[in-house]
Amino acid sequence: MKDSRIRGAEIVIKSLVAENCDYIFGYPGGAIMPVYDALYDYADQIKHVLTRHEQGAIHAAQGYARVSGKVGVCMATSGPGATNLITGIADAQIDSTPLVCITGQVASPLLGTDAFQETDVVGFSMPGTKWNIQVRKAADIAPAIAKGFHIARSGRPGPVLIDITKDAQNELSEFNYVPCLGIRSYRPYPIVKDSEITAAAEVINAAKKPYVLFGQGVVIGNAEEEFKAFLDKTGIPAACTLLGSGALSEDHPQYVGKLGMHGNYAPNLLTNQCDVLIAVGMRFDDRVTGDLKRYAKQAKVVHLELDNAEIDKNVKCAVSVLGDCKESLPMLTEKVNEGKHDEWLAAFRTLEEKEKSAVVSLDLLPTKIGLTMGEVIRYINDYKKDDAVLVTDVGQHQMIAWRYFKYKTTRTQVTSGGLGTMGFSLPAALGAQLADLSRQVVCVVGDGGIQMTIQELGTIMQTKAPVKVVLLNNDFLGMVRQWQQLFFDKRYSFTELDNPDFVKIAEAYNMKATKVTERENLSDTVAEMMIHEGPYFLEVVVEKEDNVFPMIPTGCSVEEVRLS
Amino acid sequence: MNRYTVSLFTENFIGILNRVTLIFTRRGVNIDALTASESKEDGVHRITIEVTTTEDQVLQIVKQTEKIIDVIKSFYYKDDEVVYQEIALYKIPISSLDPGLEKVIRQYNARIISAEKEFVVIEMTGHKEDTKALLEILKDFNILEFARSGRVAVAKPMGTIEQYLNN
Ligand SMILES: Cc1ncc(C[n+]2csc(CCOP(=O)(O)OP(=O)(O)O)c2C)c(N)n1
């Protein structure tokens with residue numbers, strides 16, 4: 001009788017195929033070599049992207065997951081390969097990005113002996129993963145992967161790590177893939193309670209100045225339509241968090257802007273004037289709330305949230321609605337009154353004008369000589385399609401790009417929000433681009449951040465992903481310099497950079513590259529970039545010491561938002 | 001600050017204790033005592049943790065522990081909401097055995113559970129205050145070793161984990 005058993009390594013690949021995984025971002029090494037060997041035979045079913053660093057692999061998987069809505073998959077060898085994933089794991093955990101990370105591990109008899117390239121990656125990643133497991137038998141591989149995918153993508157998504165010993169990869173076992181449909185101890189979607197909906201509707205219906213804050217929960221729940229229907233019926237103004245951007249088109253008449261430290265003036269200021277605050281799929285991060293003791297104290301808070309641990313964590317609410325907003329929003333919409341809040345909306349528009357004259361017009365239509373980050377984004381808006389994806393790194397450019405990019409559709413915002421990981425954007429943009437080759441993907445990055453993962457230009461070269469990289473070069477670690485200027489008496493301690501010739505570097509990676517230093521060349525070059533077929537690298541030399549405003553300094557209240 | 005008993009029902013999954021205690025560590029809440037054992041449900045384990053902290057903090061911790069995939073359910077109780085016991089063992093040199101010691105053992109409802117050539121081991125179950133009181137007295141008898149377990153506790157509210165598992 002023919003032996004129907006296959007090697008564990010092949011089980012890994014077949015399991016990934018069974019989960020409809022079409023891309024693996026990874027980097028090989030000794031302890032994962034059997035899986036790479038098995039992958040060789042499946043090139044027609046799964047594409048593998050060889051990044052230049054494992055951190056690049058996981059950020060690429062994150063970008064892929066955020067744009068596609070699917071689980072991102074990355075793979076690394078044991079020891080240093082596995083530990084290089086840790087930053088991305090932490091990033092994915094705090095931003096609720098679904099990932100399955102597969103790591104090779106030394107053979108099980110060697111475990112715990114400090115063998116070559118052994119690290120306890122399960123221990124390392126335990127607090128940062130939604131779930132992790134070490135597999136030491138081939139027969140356990142498929143169930144672990146099935147469980148991993150289920151956990152990664154369900155409920156509040158997150159990263160899962162599956163560590164597979166080398167002997168398990170080599171062992172023979174039957175392959176029989178059974179998707180995981182449920183786990184006894186895990187209830188990812190709490191059932192929405194009618195009583196909570198009724199209570200929430202009562203509070204909302206009694207409100208004079210209700211105000212909606214929305215976050216990434218709307219995107220994760222695929223509840224954009226349901227959310228819009230709620231707004232359309234109630235007429236309530238709505239502002240978004242960093243990761244909520246795109247869940248509602250900025251053209252919507254009730255869209256009033258962005259929240260948080262560098263968000264818009266009106267949405268921050270008026271948080272302390274509404275009477276009912278309706279939070280949908282957002283978690284009251286401290287970058288949004290500022291000083292909690294002076295945050296929305298006058299308001300009754302209604303919180304629609306999937307994760308029970310987020311309810312009352314930072315802000316105590318009057319009514320909580322636990323459950324997926326895809327389910328709870330339509331129930332709520334049915335019970336709330338139709339409404340219009342023209343006067344209240346006008347209050348936002350008045351302050352919006354104030355922000356326009358004090359900040360926005362100077363950023364977008366500058367009169368001084370130096371180029372501003374804002375005008376670069378203005379041109380990107382001019383030439384972008386509605387569903388273009390903006391991927392940003394971390395720093396001033398991130399906040400400026402976010403502030404001025406016109407979000408029209410969902411899944412167009414990819415950035416490292418909760419962790420603020422410099423080096424995120426270049427690999428994440430690659431992953432975002434591979435998730436949908438037909439979309440424009442624009443990566444906006446600073447001169448500091450790009451040098452943390454600049455080697456991923458090599459991956460872009462190899463995959464030919466048509467990413468548009470826009471480097472906003474101010475020769476400074478700009479955001480830190482801004483803080484030094486404002487809060488450390490202009491003591492610019494180690495924030496100035498001597499930079500290389502970035503265009504030469506990009507060209508060395510076979511990328512079309514241009515450097516813009518003059519305003520008159522900016523519009524045309526951005527236009528050229530946006531219609532260019534392949535990858536494109538644009539360096540814009542911007543004002544060295546520009547600041548991002550509005551700003552709520554740390555420890556201040558949302559109403560202390562500064563315009564300068 | 002108050003004393004709370006956190007009671008967790010979990011799957012018997014590798015590393016579960018680690019995962020649970022990490023939640024306490026991260027919030028800087030010290031674990032006063034911990035016990036772990038099987039429950040009456042097949043495959044369901046229970047972990048009992050005693051902490052001294054604020055109610056806000058313990059509530060957050062309980063919610064965070066419930067996010068752990070293999071935690072079925074967590075609860076927290078004030079002292080008057082649980083029935084609990086701890087066990088204490090006291091090792092006393094044979095040379096200290098005298099009628100005075102016998103009286104103490106009776107008075108505290110303790111008992112000798114092992115008599116070795118050079119020492120005896122006295123056992124007592126009760127609340128921490130009781131086992132500590134006995135410890136203070138036994139210090140006069142040249143006590144050699146003392147060990148006390150964490151809490152074993154059952155809740156006074158009548159809900160059961162089966163009800164939770166079944167709905
Ligand atoms: C890995 C990492 N290290 C340090 C920081 C702290 N940090 C936040 S913003 C910033 C400066 C970013 O500079 P640059 O990439 O040049 O962007 P700019 O602010 O100038 O737009 C630094 C160092 C971080 N967020 N991530």
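Labels below follow one simple rule: chain letters A, B, ... track the order of the sequence lines, proteins then strands, and each chain is numbered from 1. Computed from a prediction, not measured in an experiment: that's the story for all the values here.
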| request: Dump the intermediate steps for side chain to side chain contact (heavy atoms under 4.5 Å, CB included) on A/Arg184 and B/Val44, then the final yes or no. | output: CA-CA 10 Å; A/Arg184 175 169 77 167; B/Val44 176; 3.3 Å; yes
| Quick check: are there more than 12 heavy atoms from other residues, nucleotides or ligands sitting under 6.0 Å from CD of B/Glu118? | no
| query | If you round to the nearest 0.5 Å, how far is CE of A/Met126 from CG of B/Asn18? | reply | 4.5 Å
| Heavy-atom pair count under 4.5 Å with chain B, highest-scoring of A/Asp307, A/Val122, A/Ile183, A/Ile133 | A/Asp307
| Can you say whether B/Val62 sits under 4.5 Å from chain A via the side chain, the backbone, both, or neither, judging by heavy atoms? | neither
| said: At a 4.5 Å cut-off on heavy atoms, which part of B/Phe9 comes close to chain A: side chain, backbone, both, or neither? | reply: neither
| message | Looking at B/Ile14, I want to see if its CD1 is surrounded by more than 12 non-hydrogen atoms of other residues, nucleotides or ligands under 6.0 Å. | response | no
| Does CD belonging to B/Glu145 count more than 12 external heavy atoms closer than 6.0 Å? | no
| More than 12 foreign heavy atoms under 6.0 Å from CG of B/Asp98: is that the case here? | yes
| remark: One should read off an interatomic distance between B/Gln60 CD and A/Lys313 NZ, to the nearest 0.5 angstrom, of 7.5 Å
| Are there more than 12 heavy atoms of other residues, nucleotides or ligands under 6.0 Å from atom CG of A/Asp114? | no
| task | For atom CZ of A/Arg294, decide whether the heavy atoms of other residues, nucleotides or ligands shown that lie under 6.0 angstrom number more than 12. | result | yes
| Is A/Lys130 reaching over with its side chain to a backbone N or O of B/Ile69, donor-acceptor style, under 3.5 angstrom? | no
| message | One pair to check against side chain to side chain contact (heavy atoms under 4.5 Å, CB included): B/Asp56 and A/Lys316. What are the steps and the verdict? | response | CA-CA 11 Å; B/Asp56 258 3; A/Lys316 297 267 177 283; 4.1 Å; yes
| said: Does A/Lys293, at its NZ atom, have more than 12 non-hydrogen atoms belonging to other residues, nucleotides or ligands within less than 6.0 Å? | reply: no
| query | Do other residues, nucleotides or ligands put more than 12 heavy atoms under 6.0 Å from B/Glu38 CD? | reply | no
| field | Nearest heavy-atom neighbours spanning B/Lys63 and A/Asp312 | value | NZ-CB, 4.5 Å
| Test side chain to side chain contact (heavy atoms under 4.5 Å, CB included) applied to A/Arg187 and B/Lys73, step by step | CA-CA 10 Å; A/Arg187 299 193 176 170; B/Lys73 191 82 188 142; over 6 Å; no
| request: Kindly determine whether B/Asp70 and A/Tyr186 satisfy side chain to side chain contact (heavy atoms under 4.5 Å, CB included), including the steps that lead there. | output: CA-CA 7 Å; B/Asp70 296 293; A/Tyr186 171 56; over 6 Å; no
| message | With a 3.5 Å distance limit and no angle check, can you tell me whether B/Lys67 reaches the backbone of A/Ala309 through a side-chain donor-acceptor pair? | response | no
